[in-house]
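My questions will all concern the structure given below.
As the structure is a prediction and not an experimental result, all values here were calculated from the model. Reckoned from all heavy atoms, side chains included, excluding hydrogens, waters and symmetry mates.
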Amino acid sequence: MLPVRRVLAPNPGVYTLEGTNTWIVGNEPSIVIDPGPDVPEHLAAVAREAGPVGAVLVTHDHPDHAPGAVPFSELVGAPLYAYRLAGAERLHAGQRVRAGALDLTAVHTPGHTSDHMAFFEPGSGALFTGDAVIGRGTSFIDPPDGNLVAYLRSLKRMVELDPRIIYPGHGPVVLRAREKLLEYIAHREEREKQVLGALEGGPRTIAEMVEVIYADHPKDVRPLAARSVLAHLLKLADEGWAERTGKADDGPWVASTPRTCQRCGRRVKGRARYCNSCSLAMLQAEG
């Protein structure tokens, strides 16, 4: 059985639930995932629990996961790996990070952020998901670095791994990993239907849509809900199902019908007249 321990960072909040989960995987040496905020007492507690450390990994560069990574790696004398973090070695998709008998595979899972990585241990089926999947509630997608299209692809990629247990960036361990991932996909599909439904009555601002879609949610989550609705609208706009009216960021959105390429008849993105293939062909012909 894969030895996994958690040290909870002292940073509870709306975004972080009880706090950031710092995961210690394996023993002598261990791998530490997401040292969290740069709080000396927390980093010292992680170091005591971890013992000898072979590598330090960061899922993404948000301030509740990454600031403690460099000081922690210096504290324990272990190499630091991340996709996008100053002071870390660049981590690549598919890269294997070893520490003693332990071998974790890096999986690029953009969507929550463009730099997001998950870590998979095939033998046990353990998947360390950072903020791509959390133990309670749903992940927050905040454009422009957050991207819903990329996030849905990442969820499907994680389903393909067939994990058995999820160790999330926040909240409790998820014992039914595949079920949780499919639940996340279904939730996004349902939210998209709600956004489209909100547009059926005519132009709507994001604030107006949030009032309807999140009517049974506490008011203090409305700002987060607005960013989530924006993520859905940007996806729908890319597919041709919605568009913003006017130039103001807070202006109304309306439902639309996907357009087709005027040259070949295939669907185009947004308000483009030609698909990418035809645009390229015409440019080459002109050249």
### Message
Are Leu196 and Val229 linked, directly or through intermediate hydrophobic residues, by side-chain heavy-atom contacts shorter than 4.5 Å (ILVMFWY only)?
### Response
yes
### Query
Any side-chain donor paired with an acceptor under 3.5 Å for Ser139 and Asp131?
no
### Query
Would a distance-only check, ignoring hydrogens and angles, find a side-chain to backbone donor-acceptor pair under 3.5 Å from Ser30 to Gly26?
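Side chain of Ser30 to backbone of Gly26, a donor-acceptor pair under 3.5 Å: no, none is there.
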### Task
Would you tell me whether Asn27 and Arg5 have side-chain atoms, one donor and one acceptor, within less than 3.5 Å of each other?
yes
### Task
Flag the pair Leu43 / Val76 as yes when at least one side-chain heavy-atom distance between them is below 4.5 Å, and no otherwise.
no
### Message
Checking Arg222 against Glu211 for the salt bridge (charged side-chain N to carboxylate O under 4.0 Å, His left out) test, could you report, in this order, the C-alpha distance in whole Å, the side-chain angles of both residues, the deciding distance, and whether it holds?
### Response
CA-CA 8 Å; Arg222 300 293 171 85; Glu211 287 295 322; 3.0 Å; yes
### Task
Let me see the working for Leu199 and Leu233 under side-chain contact (heavy atoms from CB on, under 4.5 Å), right down to the final yes or no.
CA-CA 10 Å; Leu199 293 175; Leu233 287 167; 4.1 Å; yes
### Query
Is it the case that Arg191 places NZ or CZ above or below the six-membered ring of Tyr214, under 6.0 angstrom from the centre and within 45 degrees of the axis?
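Positive - Arg191 is close enough to the ring of Tyr214 and near enough to its axis.
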### Message
Between Arg84 and Asp145 (salt bridge meaning N to carboxylate O under 4.0 Å), is one present in this structure?
### Response
yes
### Task
Give a yes or no answer on whether the side chain of Ser256 reaches the backbone of Ala242 with a donor-acceptor pair at less than 3.5 Å.
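Confirmed, Ser256 side chain pairs with Ala242 backbone.
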### Task
Would you check if the distance from the ring center of His170 to the ring center of His65 is below 6.0 Å?
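Close enough - the centres of the two rings lie under 6.0 Å apart.
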### Arg178/Glu160 ion pair, N-O < 4.0 Å
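The answer is no: the pair does not qualify as a salt bridge.
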### Message
One thing to verify: whether Glu18 and Arg136 come together as a salt bridge, which I'm taking to mean a side-chain N less than 4.0 angstrom from a carboxylate O.
### Response
yes
### Message
Tell me if the centroids of the rings in Tyr83 and His108 come within less than 6.0 Å of each other.
### Response
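Yes, they do, as the ring centres are separated by less than 6.0 Å.
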### Message
Under a 4.0 Å threshold between the charged nitrogen and the carboxylate oxygen, would Arg188 count as salt-bridged to Glu192?
### Response
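Salt bridge between Glu192 and Arg188, a charged N being under 4.0 Å from a carboxylate O: no.
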### Query
What orientation do His112 and His62 show, parallel under 30°, tilted 30 to 60°, or perpendicular over 60°?
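Rings of His112 and His62: perpendicular, over 60°.
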### Message
Does atom CD (Glu28) have a neighbourhood of more than 12 heavy atoms from anything else shown, all under 6.0 Å?
### Response
no
